[in-house]
Amino acid sequence: MTAAGSARPRPVAVPVLRRWMLDGWRGLLGWSLGVAAVVLVYLPLYPSMNAPELMRMIDSLPPELVRTLAYEDITSGAGYTTATFFGLVGFVLITIAGITWGASFIAGAEESGQLELTLAHSVGRVQYALESGAALVVRLLILGGVAGVLVWAMNGPVELGLHPSNLVAMTAAWVGLGALSATTALTAGALTGRRSWSVAAGATVAVAGYVLQAVANNSDQLDWLRALSSYDWAFGRTPLADGADWAGLALLWGGSAILIAVTTAALSRRDILG
């Protein structure tokens, strides 16, 4: 029997997940504050959107621009919140945060030599990939929680008229959209070991999704492009006004799950760059 003084320490549960969460808390706090700042700056402006002067200004904009920015329903609380936060500035924030994290967890760690060191200390490649994917999703869900709570807190005072279940559906779509770009960056890192390729892959998914929907909004002949747009999967059926789009959520979250599986397979088979 092993003496108490010489007993080996028990292994730490989910060490990679714990490390990414503990090491990244400052960055997560910074992104959360950024999300909070945008919500608190934009949403209180909603009552002024019903002013005749502002409505005349929107009416004077080119119809193509109005459709691209989703300003058609900006006078409603759901339309304003979607157009200004979830579909615009919030979309940019969660996309940049997710891609930054996704590119750093594998490709960034590999380029710095940290990945090789971690794998040499009894952490398997499958475990590393799965826990990195889990950490990525957890961080994004925290951003989603911050956004959802603050939007709901502003709902009454600003008279947005949002339904709580619709806000949950919109937040799930928003986080899922960010997760798709983030897990794309994670997968590209597992495939290439290069941070630059990871960032490029995640950004391509985000930009392509936005552009495809914008083109579809302005051309009846190209409306079929919506089926290829991750942005449309998230916001095309206006979940903040009409409730959850289960098909869109399945595409976003199912796509992210598949990408994490591809990440795991790729990291298991590729030589780590020294």
Side-chain angles (χ1 to χ4, degrees), residues 1-32 34 93-145 175-176 178-206 252-274:
M1 184 173 180
T2 305
S6 60
R8 294 182 180 180
R10 297 178 62 184
V12 178
V14 290
V16 178
L17 172 61
R18 288 165 58 93
R19 190 190 73 194
W20 286 132
M21 296 306 299
L22 292 173
D23 290 353
W25 73 267
R26 290 182 179 86
L28 180 59
L29 176 61
W31 285 108
S32 298
L93 288 177
I94 200 167
T95 297
I96 295 175
I99 292 173
T100 300
W101 294 332
S104 67
F105 283 3
I106 293 180
E110 185 169 350
E111 290 184 345
S112 69
Q114 183 181 10
L115 177 59
E116 188 176 14
L117 183 63
T118 301
L119 295 177
H121 285 77
S122 301
V123 174
R125 294 184 181 213
V126 171
Q127 178 185 6
Y128 185 93
L130 290 176
E131 289 189 29
S132 293
L136 190 57
V137 171
V138 169
R139 287 190 184 189
L140 293 172
L141 286 172
I142 290 173
L143 287 185
V175 175
L180 191 65
S181 292
T183 52
T184 299
L186 187 74
T187 301
L191 290 168
T192 67
R194 297 301 183 189
R195 189 185 184 107
S196 59
W197 285 100
S198 299
V199 172
T204 297
V205 168
L252 293 169
W253 287 101
S256 295
I258 290 171
L259 286 168
I260 291 175
V262 173
T263 296
T264 303
L267 189 63
S268 298
R269 290 165 171 78
R270 186 176 58 80
D271 290 336
I272 303 299
L273 300 175

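Heads up: numbering here begins at 1 and tracks the sequence.
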Testing the basics here: between [X] and [Y], what is the closest heavy-atom pair and its distance to 0.1 Å?
X	Y	answer
Trp197	Ala188	O-CB, 3.9 Å
Thr118	Arg19	OG1-NH1, 2.9 Å
Thr100	Arg195	O-NH2, 4.1 Å
Trp31	Leu93	CZ3-O, 3.7 Å

Q: Let me know which of Leu130, Ile258, Leu186, Thr184 forms a side-chain contact (heavy atoms from CB on, under 4.5 Å) with Thr263.
A: Leu186
Do the side chains of [Y] and [X] get nearer than 4.5 Å, heavy atoms only?
X	Y	result
Trp101	Leu140	yes
Glu131	Val123	no
Val137	Trp253	yes
Glu111	Arg194	yes

Rounded to the nearest 0.5 Å, how far does [atom2] of [Y] lie from [atom1] of [X]?
X	Y	atom1	atom2	result
Ile106	Arg270	CD1	CZ	8.0 Å
Ile94	Ile99	CD1	CD1	11.0 Å
Leu267	Ile272	CG	CD1	5.0 Å
Ser198	Phe105	OG	CZ	12.0 Å
Arg269	Thr264	CZ	OG1	10.0 Å

